[in-house]
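Report on the following structure.
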Protein chains: 2
Amino acid sequence: MMNITFKQLRYFEALTRHGHFGRAADDCSISQPALSVQIKELEETLGVVLFERSARQVRLTGFGQEFAERVRDILRAVDELGDLARLAKDRMVGRLRIGVIPTVAPYLLPTLIHQLNAVHSGLDVHIRETLTQKLIAELLEGRLDTAIVALPVSEPGLVETALFEEKFVLVRSATDASAPVPSPEGMREMKLLLLEEGHCFRDQAVSFCNFRSPLPRDGLDGSSLSTLVQMVGAGIGVTLIPEMAVPVETRSAPVSLARFQGDEPSRTIGMIWRKTSPLAPRLLEIADVVRQAADQLRQQNTHLLPARPVSAA
Amino acid sequence: MMNITFKQLRYFEALTRHGHFGRAADDCSISQPALSVQIKELEETLGVVLFERSARQVRLTGFGQEFAERVRDILRAVDELGDLARLAKDRMVGRLRIGVIPTVAPYLLPTLIHQLNAVHSGLDVHIRETLTQKLIAELLEGRLDTAIVALPVSEPGLVETALFEEKFVLVRSATDASAPVPSPEGMREMKLLLLEEGHCFRDQAVSFCNFRSPLPRDGLDGSSLSTLVQMVGAGIGVTLIPEMAVPVETRSAPVSLARFQGDEPSRTIGMIWRKTSPLAPRLLEIADVVRQAADQLRQQNTHLLPARPVSAA
DNA sequence: TGTTCATCATAGGAAAAACCTATCGGAACT
DNA sequence: AGTTCCGATAGGTTTTTCCTATGATGAACA
């Protein structure tokens, strides 16, 4: 036997309102016979008569009344589906799950979240802070919509877009403030404090110093940039941090900052998401917001950063 | 633009369950392309992408998840419509509004309601007791499903079916118990107590006695059979009541009963409903139940009724 | 690195459903 | 009786849905 269709319920509802086949049909912009047939088919499908037709009027049966109440609820729910979609289409709406690496999150997020709320109010932002590898895994599993990491990630299945570049600065004990800035090679002679394994920033720092073989483990890896800077302030060694971390991390420790000469070390921060993500257009907009947030941060912080020494050239 | 259809929602729901176009299509007993097309059409109607398709898996988007929850609710509600109808079809169910005239209601209803509950449990019986004219009006307005009245009513738009016939018996003061039973003509010499205007039973009594002109109003019309019998017991006059009323009404008054000789007065009680009523088949069943109830009443009461005097013939 | 496999999308024609115009039939009003 | 109103029915047309066949793409495999 036939199935109940949505049209039938719409026609049924119109007929309950008008109590008249012709007028209900007009209301539905179809001919009267079309409506008659659909109502009849609905009744046959149900096996129950919904209307009592007399020459004078069309009236709901007892069952029809009960039926009509439920139908109204259903039609309203379906209309709401459309509304929901229309809203989701216009303003960006719903959950947006963003992953961020630990060496970026604490510095970028306050500004970023503020901007996101301003530009896309109604967006429900969820943040996940963890290492790049986990972010990529969660992204691929569909548990994140996008992630902010250091590029490149070169993961097939993901696309990446650059957001900004950030240079690394040298953090030394305050007492070393006037000492010459070492070259990358010179760094090898110094006690360089690094983040734990798994942080991409660790690898970036190591790569800059051209260490060839695995570093001797000395048990001094820090779990955050904050820890590293505190250790430097205690005179244990030197470290690198990204520009963006400067205002937050160097405020409360007796350290001095220095830029490198020549090619300064740096990394590119970017956004990644699944190639197949239907959010892609939205994510491009989000990426713009992130760029603006980073710009804003940079401008606020310029005065805190050390001037770049003029190269000897 | 297209409208959302139930098919689309059904297909959508299947796809959320299987996460695989081919298997979902199987589940819906259609081909994979048919399902693909419908899902795509749904997405286009909404203007929102519901699924993220990758080579490995088909996953709901954030919006899709929200959408899916609502869709599930809607589909369940639609299925319940079918269930509701199936129930209504099988056992007789829902409201049944019965009107009954006052000279029948008090005697028939206790037994009838009991029987109805026994035979059609789940039937929600509403009773309305009032005069025939009002019953007919309410029936025509659709505020009653059927009525139990004295036939004929001869109302175009209504059909009638006979239920049972009931004879009228004479109620006299207990002191008149051995007096001869008067003929219809003899009744005219006696003080006959009647119900108020509007009761069909009044007209039936008057008609039996062959009164030609309007009766002189003497302010003694009773509002119920019970009142009339009490008045008879007080020696004010005589009256007629239907057999069915005997057990209830003559228990507590000093009156005697007598049957008439020759053609006993009587009336036919029947059921009426709108010609157009879709309940007609059900009402025929109900009518049978009423007949059974009346039979049962008659059997219970035989011993209380006076024997019919042998005609002089 | 090319091949195969799995999976979803697209195309074109066929089947089914929905619709429209015209007409019938019954009830009510004149 | 004639007329009007209104819903049901019939026949043919348009629209929608579906199926088979095939394309396209990315993943797994050799």
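Order of the sequence lines fixes the chain letters, A, B, ..., with proteins taken first and strands second; residue numbering starts at 1 for each chain.
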Length of the NE2-P vector between A:His20 and D:dA8, whole Å
12 Å

What is the distance, rounded to the nearest whole Å, between atom CG of A:Leu42 and atom P of C:dA17?
16 Å

From the options C:dC8, D:dG7, D:dT17, select the nucleotide whose nearest atom is closest to the side chain of B:Phe21.
C:dC8

Donor-acceptor check, side chain of B:Arg274 to backbone of B:Leu139, threshold 3.5 angstrom: yes or no?
yes

Figure out the CZ/C1' separation between A:Phe6 and D:dT16, and round it to whole Å.
17 Å

side-chain contact (heavy atoms from CB on, under 4.5 Å) with A:Ala137: which residues, sequence neighbours excluded?
A:Glu141

Heavy atoms only, 4.0 Å cut-off, all strands: where does A:Tyr11 land among base, sugar-phosphate and nothing?
sugar-phosphate

Applying ring-ring contact (aromatic ring centres under 6.0 Å, His included), can you list everything that pairs with B:Phe201, at least two apart in sequence or on another chain?
B:Phe168

Report, one pair per line, the protein and nucleotides 25-30 of chain C atoms (nitrogen or oxygen only) whose separation is under 3.5 Å.
| from | atom 1 | to | atom 2 | distance (Å) |
| --- | --- | --- | --- | --- |
| C:dA28 | O3' | A:Arg56 | NH2 | 3.4 |

Can you measure B:Gln8 atom CD to D:dT16 atom C1' for me and round it to whole angstrom units?
11 Å

Could you give the CD-to-P distance, from A:Glu155 to D:dG26, as a whole number of Å?
15 Å

Under a 3.5 Å distance rule, please check whether A:Arg202 uses its side chain to pair with a backbone N or O of A:Leu195 as donor and acceptor.
yes

Provide the full list of side chain to side chain donor-acceptor pair (under 3.5 Å) pairs with a residue in residues 29-40 of chain B, sequence neighbours left out, each pair given once.
B:Gln8-B:Gln38, B:Gln32-B:Ser36

Applying side chain to side chain donor-acceptor pair (under 3.5 Å), which residue pairs with at least one partner in residues 148-165 of chain B are found, sequence neighbours left out?
B:Thr161-B:Arg291, B:Glu165-B:Ser266

Looking only at D:dA8, C:dC19, D:dT9, the nucleotide nearest the A:Lys40 side chain is D:dT9

A:Ala150 meets the side-chain contact (heavy atoms from CB on, under 4.5 Å) criterion, sequence neighbours left out, with A:Cys200, A:Gln204, A:Arg267, A:Ile269

May I have the distance from A:Ile4 (atom CD1) to C:dA17 (atom P), rounded to whole angstrom?
16 Å

Taking CZ from B:Phe51 and P from C:dT7, how many angstroms apart are they, rounded to a whole number?
16 Å

Would you say D:dC6 has OP1 or OP2 under 4.0 Å from some side-chain N or O of A:Arg53?
no

Selection: residues 25-38 of chain A, any non-hydrogen atom under 4.0 Å of DNA chain D:
A:Gln32, A:Pro33, A:Ser36

In whole angstroms, the gap separating P of C:dA6 from CZ of B:Arg23 amounts to 11 Å

For B:Gln292, enumerate each residue passing the side-chain contact (heavy atoms from CB on, under 4.5 Å) test, keeping only those at least two apart in sequence or located in another chain.
B:Gln115

Across all chains, not counting sequence neighbours, the side-chain contact (heavy atoms from CB on, under 4.5 Å) partners of A:Arg53 are A:Phe21, A:Ile39, A:Glu43, A:Val49, A:Phe51

